[in-house]
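For reference, positions follow the sequence shown, starting with 1. Note that ligands are numbered from 1 as they come in the structure, with each ligand's atoms numbered from 1 the same way.
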Amino acid sequence: MSNPLFHINYSPLKNTLLVALLWLGFFSECAANRVANEWALVKEPAKSGASAQSIGTYNAGCLSGAVALPENGPGYQLMRLSRKRYYGHPVLKQFIENLGLQSKQHQLGVLLIGDLGQPRGGPTLTGHRSHQTGLDVDIWFLLSHQAANRTLRFNERETWNAPSVVDSQSDAIDFSQWTLKNEKVLELAARMPEVDRIFVNPSIKRQLCSDKTGHDWLRKIRPWWKHDDHFHVRLKCPATNQFCQAQEPLPAGDGCDASLDWWFSAEAKTPAKKPAPEKAPVLPVLCEKVLRE
Ligand SMILES: [Zn+2]
């Protein structure tokens with residue numbers, strides 16, 4: 001029996017093309033890992049002249065003049081020390097220390113800080129596409145009472161996990177994990193002028209909208225996939241960093257509208273059939289200098 005489709009699908013030309021495409025995918029993945037590996041292996045920040053410089057975009061960039069966030073400070077403690085992703089632009093360090101202080105003053109509990117960036121920023125081998133210019137930080141939703149009374153041990157910082165604050169079946173907020181204190185922390189962060197935007201799970205954005213529609217700070221709170229156990233703060237490019245590339249501006253309004261409904265649609269919830277192979281991000285030429293310094 002002759003089936004024309006059969007012949008088309010298995011023609012030698014098609015097979016060759018398919019194999020070539022698979023190899024191409026494999027090599028671009030390898031290239032992405034090789035690039036990320038160079039940045040991951042650097043142990044010290046690059047020195048910058050007068051001021052620290054974030055260079056490029058949040059997803060393809062680097063940083064010179066990074067500073068390390070101290071392990072502990074008033075109102076915060078740093079987690080996952082072994083990852084060594086506690087470097088950032090000095091304005092990011094200042095932001096975290098400031099938010100910790102404010103959380104302490106408002107008695108909101110201790111902030112547990114996840115990843116900032118690598119000593120010179122750049123792509124990471126695991127975990128993030130962004131966090132490359134030292135202006136992004138992940139902060140856990142878990143406001144621990146234990147951490148409020150003592151300094152966490154190294155092991156606790158490695159093994160503790162932040163529980164999800166969203167029920168994955170129903171998309172509802174889990175009020176055994178979520179309190180008004182979490183809302184207050186988000187509000188304090190969003191009100192800081194240096195903050196560009198904050199990514200949270202769509203269910204959290206919906207919760208904030210149901211309580212606070214019309215509050216201007218909600219505009220900075222953006223729904224994004226996952227982010228149900230931590231929120232991700234992104235700072236604006238510092239004014240003096242001329243090579244730092246800003247993200248497109250936020251849409252007008254507080255985002256408590258139809259654009260939020262989309263996140264609960266079947267389309268938003270259906271993962272792409274096969275993720276495209278990771279391509280190595282193309283970093284600005286200046287980053288080569290930062291890496292080789
Ligand atoms: Zn993040």
Side-chain angles (χ1 to χ4, degrees), residues 32 36 39-40 54-63 66-69 76-100 103 111-143 157-158 160-166 177-178 182 185-186 188-190 192 194-205 208 220-238 244-248 250 255 263 271 275 278 281 283:
W39 291 91
S54 292
I55 299 161
T57 67
Y58 300 96
N59 292 336
C62 63
L63 169 69
V67 290
L69 181 75
Y76 83 85
Q77 296 196 37
L78 186 56
M79 305 300 280
R80 302 289 191 268
L81 301 175
S82 66
R83 289 161 71 91
K84 297 195 166 30
R85 291 191 188 154
Y86 39 69
Y87 293 90
H89 196 288
V91 296
L92 184 66
K93 172 176 178 274
Q94 211 168 57
F95 161 78
I96 297 165
E97 289 173 337
N98 198 353
L99 187 64
S103 302
L111 302 177
L112 302 179
I113 311 295
D115 282 0
L116 287 71
Q118 301 177 133
R120 297 184 193 185
T124 53
L125 278 167
T126 54
H128 308 280
R129 294 182 73 154
S130 62
H131 291 242
Q132 294 197 25
T133 51
L135 297 170
D136 295 279
V137 60
D138 292 333
I139 302 178
W140 294 17
F141 284 124
L142 178 69
L143 296 163
R157 299 184 198 232
E158 295 296 308
W160 277 20
N161 282 310
S164 173
V165 300
V166 177
Q177 303 295 342
W178 180 263
N182 293 109
V185 172
L186 285 174
L188 288 172
M192 292 195 198
E194 66 269 39
V195 171
D196 183 60
R197 61 197 73 197
I198 298 173
F199 299 104
V200 300
N201 185 274
S203 292
I204 296 168
K205 172 81 184 188
L208 298 174
K220 286 190 188 172
I221 310 275
R222 310 309 300 177
W224 203 252
W225 288 278
K226 300 181 183 166
H227 293 85
D228 56 335
D229 57 8
H230 73 276
F231 59 102
H232 174 145
V233 181
R234 173 165 294 170
L235 300 190
K236 294 170 184 162
C237 281
C244 180
Q245 244 175 285
Q247 203 175 339
E248 80 285 356
L250 292 171
W263 287 92
E278 261 323 86
L283 270 55

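- Taking 2.8 Å as the criterion, Asp138 counts as a coordinating residue of the Zn ion (ligand 1), since one of its N, O or S atoms falls below it.
- Annotation: ring pair (Phe, Tyr, Trp, His ring centres under 6.0 Å) contacts of Tyr58 (sequence neighbours excluded): none.
- Taking 2.8 Å as the threshold, His131 counts as a candidate ligand of the Zn ion (ligand 1), since one of its N, O or S atoms lies below it.
- The stretch residues 77-99 participates, sequence neighbours left out, in no ring pair (Phe, Tyr, Trp, His ring centres under 6.0 Å) pair at all.
- The minimum distance between the Zn ion (ligand 1) and any N, O or S atom of His232 involves atom ND1.
- Ring geometry for Trp178 versus Phe141: interplanar angle over 60°, hence perpendicular rather than tilted (30 to 60°).
- Ring centroids of His128 and His232 are separated by 6.0 Å or more, keeping the two rings apart.
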